[in-house]
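Residue numbering restarts at 1 for every chain, and letters A, B, ... go by the order of the sequence lines.
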Amino acid sequence: MHSLLLCTISNYIMDYNSIKVEAFWKQYWKDNDIYRVTHESDKPKYYVLDMFPYPSGAGLHVGHPLGYIASDIFTRHKRMNGYNVLHPMGWDAFGLPAEEYAKQVNMHPADSSKQNAVRYKEQMSSVGLSFDWAREFATCDPAYYKWTQWIFSELFNHYYDTKEEKAIPIQDLIDAFAANGNGTVQAAHSYQETFTAEDWAKLNRKEQEDILTEYRLAYRKVGYVNWCEKLGTVLANDQVKDGLSERGGHPVEQKAMTQWYLRTTAYAERLLNGLDDIEWSDSLKTIQRNWIGRSEGASVHFQIDGHEGDIEVFTTRPDTIFGATYMVLAPEHDLVEIITTADQKEDIDTYINYVKSKSEVERMADKEVTGAFTGAYAINPFTNTKIPIWIGEYVLKDYGTGAIMAVPSDDDRDNNFATKFGLEIIDVVDKSKYPGASLSDKLGIIINSDFINGMEVPDAITKMCEVIEERGLGSASINYKLRDANFSRQRYWGEPFPVKYDDDGIVTALSKDELPLLLPHTDDLSPGEGGQSPLSRVKEWVNQDGFTRETDVMPAVAGSSWYFLRFMDPHNDDEFAGQDAINYWQDVDLYVGGAEHAVAHLMYARFWHKFLYDKGMVPTGEPFKRLVNQGMIQGGIEFIGLLKEKQDGISKFMCAKMLQHADPSTYVKIPIKIQFVNEYGKDSSYLSAESIKQFIGWRSEYKDAIFECSNGVYQNGKFTGKDTSHLHTFSETGKMSKSKFNVINPDEVIERYGSDCFRMYEMFLGPIQQSKPWDTNGIDGVYKFINKYWNLVTDGDLSTDDPSKEELKVLHTMLKKVDADIQSLSFNTAVSSFMICINDLRKLKSKNKHIASEFTLALAPFAPFITEECWKLLGNNESVHLQSFPKHNDEYLVEDSIEYPICINGKKRGMASFGADLDKTTIEKTTLEMEFVQQWIEGKTIKKVIVVPNRMVNIVI
RNA sequence: GCCGAAGUGGUGGAAUUGGUAGACACGCUGGAUUCAAAAUCCAGUGCAUUCACGUGCGUGAGGGUUCGAGUCCCUCCUUCGGUACCA
């Protein structure tokens, strides 16, 4: 056995050979399937999940495994505590980045994704992550996306009943329409009209479908996309920068397209309330709450002077309605066309064209007040005065009703608008009693408002809601910021929508036995005509006998919205997951992943889960019980300054120190390989003459360039100046990325220090929730620890005697701390406990087999390879990872005496040792008699003596 | 602007319910070992002052509560993250 060779030379401190040992055990674990789990188990279940990655072409860098290592330690600890732990991994392979990467490397995304996943898996195994690889799948596997499509079909075939507060089959709604029309139906919808059963019966099938679509949980409507005429393509939001395409810098405009949406708004209240019962960080919950953006208020109808209809507005401040001196509609509001007078038509048209010409980004960036008058007037139902109706881009068509009553006295935006256009301002809230209160605080006394004069604002709001309902003007209502989710992408690499359109354009969802609807193969991934998906060019797929297919595909979030359920039963062909498996595994107990998914992924996943819950297909209302966001490991980025103006036609680089006070517009920062840089990451980082040569070798276009250092000039291989050249560089901290040449690959670190050392060092860096720059310098401390541990087990013979009291105390102090730290995910302090323990054991010259064994067991979750090796060397045959985690025993931790700090007026002045069970009075008495205490209290009166048992003594004089 | 999180040595970071601030580690200094180096081991290391014992000051700034504050309260500053005219 190779491992025996390592330990037979016992009188010599042998370094641990990580490469050999890790290779051996990696194979052993694989061959023996020790991380395989099934739901047929008597043990309690536990589900630890990492957010599955999109396998990018670059492979893993040292930042990626941070969360995986943490969850792996947690998993191993749970396993050793008798749990049946589901810990799977897979690939989020569909989506834009995968498609873009495939184009770059000139491969089909199906192939590049597969290839990248293989590399990821290999790297993950090198890190010693204990995934059950039998459950691996990718979101682009037809066997998986069959069920993504199926859930989508189910969404399509359901509506949300607001009375039952759950999803109900659409057939029930059709029956209700046929029986009673839509007047009595309580459902989440976007259909504005009311109809009777007779009306419904008169409609043809297409007309009925058009109404039903406004109720379905998956539906189609017109939405806007970022359209770039020049590139002939639709762009994602992050492909647009400052209103221009990121690639090429071409103008981007808003283009209307009929697209698929999910009615997430139906679940707004439940998505909000569900947050109360789960263990997520407060900040993450707050982000989700803000995103849902619930606000209470009233919807009020304003009659339009000289027109039949009315304008409905939503307001959180019905108490200020007496101050509503004008109204504003969103420029896209349906009524604009109807109410605009002939006189104002030109103004309005000009303004609408102006708004259309602006991109969304420009609209957000531009804070200037703009608007136009429609010429029409509404009647304020409380003052009965005519108030002008304007349009303005600050009113958004998607929020509330797309119309507002403007109260310029109590709303900053309304105020700016009124001031600019000379509209009337009536002050309706006296805020003098509440200096410093902001408008959103809803504080003040109502004035100039008839029957609510003198009331406090909150009371006035309640009163007004009542009166509004009494008078039939509207009702109290709740509004959400949350919008229905756009679910269409004009792309290739995603799930095809499982739907078909007949000749009349009526949509039906494919049934389960028609799934999966396979994504057809095509090598031409360029956009289709008019910004359509590349699929639109695959005519033989789109045009079927008697129907056509949807050419848009689903977004990347589709596949990640339910993958955690598939892991429970990944190879099931009959169901998305078998009920036995789902009932056993229930939900995710611990979910670890990056905060960048705080909104989109988690919101979609919770939404899908709640839908499946309504269908009785999952047993819990929330998918992720406890969630932890790991921080990012960043990298140092090094730049050198290149002057924009060439000197006699030659490029000139200048020392960062010399550019410190220069005008930043006169030079550009060129990122360089961090390997070239001396004192990398520090303020003093620089390129020496040697590293400038390396740089020139890498970027030969600069071979003749001038490098002006602070102490001389380097050019053409020669340095003229005093001492050696120092070309200082700019150092920044940021994401590790290929384009910044600062990627540190875990493979290199593992090769040099071993996987166990790498794992423990990543944990030792700090709390996992925190982001921090990678710095290999500190790794030596952990490396020393690993070697100390190795020597503890392998250097010399171990005694089988009972361990001493001191040894037990040192060991059990560690066991207690490590156990608690793992549960609270404080892995950095757990690593430090191991270090303290091993240092203490060395001081005690401990060579005890029991101690070494227990230490090995406790260390196993952190350092799976070396502990496995040591466990074997300690004479065991079964894997260390299948053992029980050692329990600490408080008996060994009992102290005979306790060191008390003695404080005078709260300042420590000395120490004293007292028996652990000594009473307070004796401690107080003894303390006051002590010599150094006497010196401090001499001639002073003692006001008070505070004795905190087991803590400290404080004397107040 | 609004919301959230966080500011501790030269560095990464520790500190139950308020109870010895700086654990552990890096780095640095000195020493041992070595022909020498690496590696390893030992000692020291918040700042100021002192030959020294010690003393003073110290957790972003200022105030407060308390016998006692890194921890609680108020005001402010900075950094990071989220969000963006949300009626």
Side-chain angles (χ1 to χ4, degrees), chain A residues 13 15 281-291 293-295 297 313-317 320 324 327-328 330 363-367 369 392-396 398-407 410-414 416-417 438-440 479-483 595-596 598-599 629 631-632 681-682 733 761 764-767 769-785 787-788 791 820 826 828-837 839 842 899-911 943-957:
Chain A
I13 299 173
D15 276 345
S281 71
D282 287 340
S283 65
L284 188 53
K285 285 186 184 183
T286 311
I287 290 172
Q288 292 235 331
R289 285 194 185 108
N290 290 344
W291 189 259
R294 182 184 197 271
S295 53
V313 301
F314 172 75
T315 174
T316 55
R317 296 294 303 274
T320 61
M327 301 190 82
V328 186
R363 223 168 132 168
M364 282 185 319
D366 209 347
K367 296 286 176 196
V369 183
E393 60 180 330
Y394 82 96
V395 176
L396 308 173
D398 281 338
Y399 184 77
T401 60
I404 62 156
M405 64 173 210
V407 184
D410 276 86
D411 183 289
D412 288 336
R413 292 155 306 166
D414 295 348
N416 291 341
F417 195 88
S438 75
L439 294 174
S440 58
N479 220 319
Y480 301 92
K481 262 200 275 190
L482 185 75
R483 311 285 163 80
E596 65 272 22
V599 180
N629 288 128
M632 258 199 309
K682 294 183 182 163
T733 301
Y761 181 56
F764 190 57
L765 278 173
Q769 293 91 340
Q770 231 166 70
S771 290
K772 53 237 151 186
W774 175 263
D775 174 14
T776 314
N777 286 325
I779 202 168
D780 284 353
V782 178
Y783 188 67
K784 283 180 200 166
F785 162 78
N787 279 306
K788 286 178 191 171
N791 289 332
S826 309
N828 55 330
T829 52
V831 174
S832 117
S833 299
F834 283 118
M835 290 172 167
I836 294 169
C837 184
N839 290 343
R842 282 162 70 92
E899 292 289 311
Y900 280 76
I902 310 297
C903 303
I904 315 287
N905 285 344
K907 274 197 167 33
K908 191 184 95 177
R909 294 299 175 185
M911 299 294 291
K943 288 184 191 146
K944 210 177 188 180
V945 178
I946 293 143
V947 179
V948 186
N950 299 330
R951 282 261 178 257
M952 46 81 71
V953 179
N954 190 19
I955 301 161
V956 187
I957 52 175

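Ser283(A) comes within 4.0 angstrom of the backbone, heavy atoms only, and of no base. Using a 4.0 Å heavy-atom criterion, one finds that Lys943(A) contacts no nucleic acid atom at all. Arg842(A) comes within 4.0 angstrom of the backbone, heavy atoms only, and of no base. Nucleic acid contact for Asn839(A): sugar-phosphate only, since backbone atoms but no base atoms lie under 4.0 Å from a heavy atom of the residue. Contacts of Ser281(A) with the nucleic acid, taken as non-hydrogen atoms under 4.0 Å apart, are absent. Residue Lys788(A) is in sugar-phosphate contact alone, with no base atom involved, counting any heavy-atom pair closer than 4.0 Å across all strands shown. Looking at heavy-atom distances under 4.0 Å, Met405(A) makes no contact with the nucleic acid at all. Across all strands shown, Pro773(A) has no heavy atoms under 4.0 Å from either base or sugar-phosphate atoms.
Contacts of Tyr900(A) classified as side-chain hydrogen bond (donor to acceptor under 3.5 Å, both in side chains), with partners at least two apart in sequence or in another chain: none. Not counting sequence neighbours, the partners of Thr286(A) by the side-chain contact (heavy atoms from CB on, under 4.5 Å) test are Asn290(A). In terms of the side-chain contact (heavy atoms from CB on, under 4.5 Å) criterion, residue partners of Thr315(A) (sequence neighbours excluded) are, by chain and number, Val300(A), Arg317(A), Pro318(A), Met405(A). Applying the side-chain hydrogen bond (donor to acceptor under 3.5 Å, both in side chains) rule to Tyr783(A) yields no partners; only residues at least two apart in sequence or on another chain are considered.
Residues Asn954(A) and Val945(A) form no side-chain contact, since every pair of their non-hydrogen atoms from C-beta on lies 4.5 Å or further apart. Annotation: side chain of Met835(A) is in contact with side chain of Val782(A) (closest heavy-atom distance under 4.5 Å).
For Arg909(A) and G56(B), the shortest distance from a side-chain N or O to OP1 or OP2 is below 4.0 Å. The side chain of Asn828(A) places an N or O atom within less than 4.0 Å of a non-bridging phosphate oxygen (OP1 or OP2) of A14(B). Note on Ser833(A): every side-chain N or O is 4.0 Å or more away from OP1 and OP2 of C24(B). Side-chain N/O atoms of Arg294(A) include none lying less than 4.0 angstrom from OP1 or OP2 on C86(B).
Between the NZ atom of Lys907(A) and the P atom of U20(B) there is a distance of 14 Å, rounded to whole Å. In this structure, the CD atom of Gln769(A) is 12 Å from the P atom of G13(B), given to the nearest Å. Asn290(A) places its CG atom 14 Å from the C1' atom of G1(B), with the value rounded to the nearest Å. Rounded to a whole Å, the NZ atom of Lys481(A) is 12 Å from the P atom of C3(B). Distance, Arg413(A) CZ to G1(B) P: 17 Å, rounded to whole Å. Going from atom CZ of Arg483(A) over to atom P of U83(B) covers 14 Å, rounded to whole Å. The distance between atom CG of Asp410(A) and atom C1' of A87(B), rounded to the nearest whole Å, is 13 Å. The interatomic distance linking Gln770(A) (CD) with G81(B) (P) rounds to 14 Å, in whole Å.
Ring geometry for Trp774(A) against Tyr761(A) counts as perpendicular: the plane angle is over 60°, on a 0 to 90° scale with 30° as the lower cut. Between Tyr399(A) and Phe314(A), the ring-plane angle classifies as perpendicular under the 30° and 60° cut-offs.
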Would you list the protein and nucleotides 66-73 of chain B atom pairs, both N or O, that sit under 3.5 Å from each other?
unit_1, atom_1, unit_2, atom_2, d
C67(B), O2', Asn954(A), ND2, 3.3
C67(B), O2, Asn954(A), ND2, 2.5

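Counting all heavy atoms, side chain and backbone alike, Tyr394(A) lies closest to Val328(A) at OH-CG2, 3.7 Å. Summarising the geometry of Ala330(A) relative to Val395(A), their closest heavy-atom pair is CB-O, 3.3 Å, with the distance given to 0.1 Å.
Checking U83(B), C3(B), G56(B) against every side-chain atom of Trp291(A), the shortest atom distance belongs to U83(B). For Arg951(A), counting side-chain heavy atoms from C-beta on, the closest listed nucleotide (C86(B), U16(B), A87(B)) is U16(B). For Thr829(A), the side-chain atoms get nearest to A15(B) when compared with the rest of A15(B), C86(B), C24(B). Of the listed nucleotides (C86(B), G12(B), A87(B)), G12(B) has the atom at the smallest distance from the side chain of Leu765(A). Candidate nucleotides G12(B), A14(B), C24(B) were compared by shortest atom distance to the side chain of Pro767(A), and A14(B) ranks first. Across A84(B), A87(B), C41(B), the shortest atom-to-atom separation from the side chain of Lys784(A) is found for C41(B).
Residues Asp414(A) and Ile287(A) both approach RNA chain B. Their nearest nucleotides, taken by heavy-atom distance, put Ile287(A) toward the 5′ side.
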With pairs defined as Watson-Crick or G-U wobble and both distances under 3.5 angstrom, please note down RNA chain B as a dot-bracket string, | for pairing with another strand. (((((((..(((......[....)))((((((.......))))))((((....))))..(((((..]....))))))))))))....

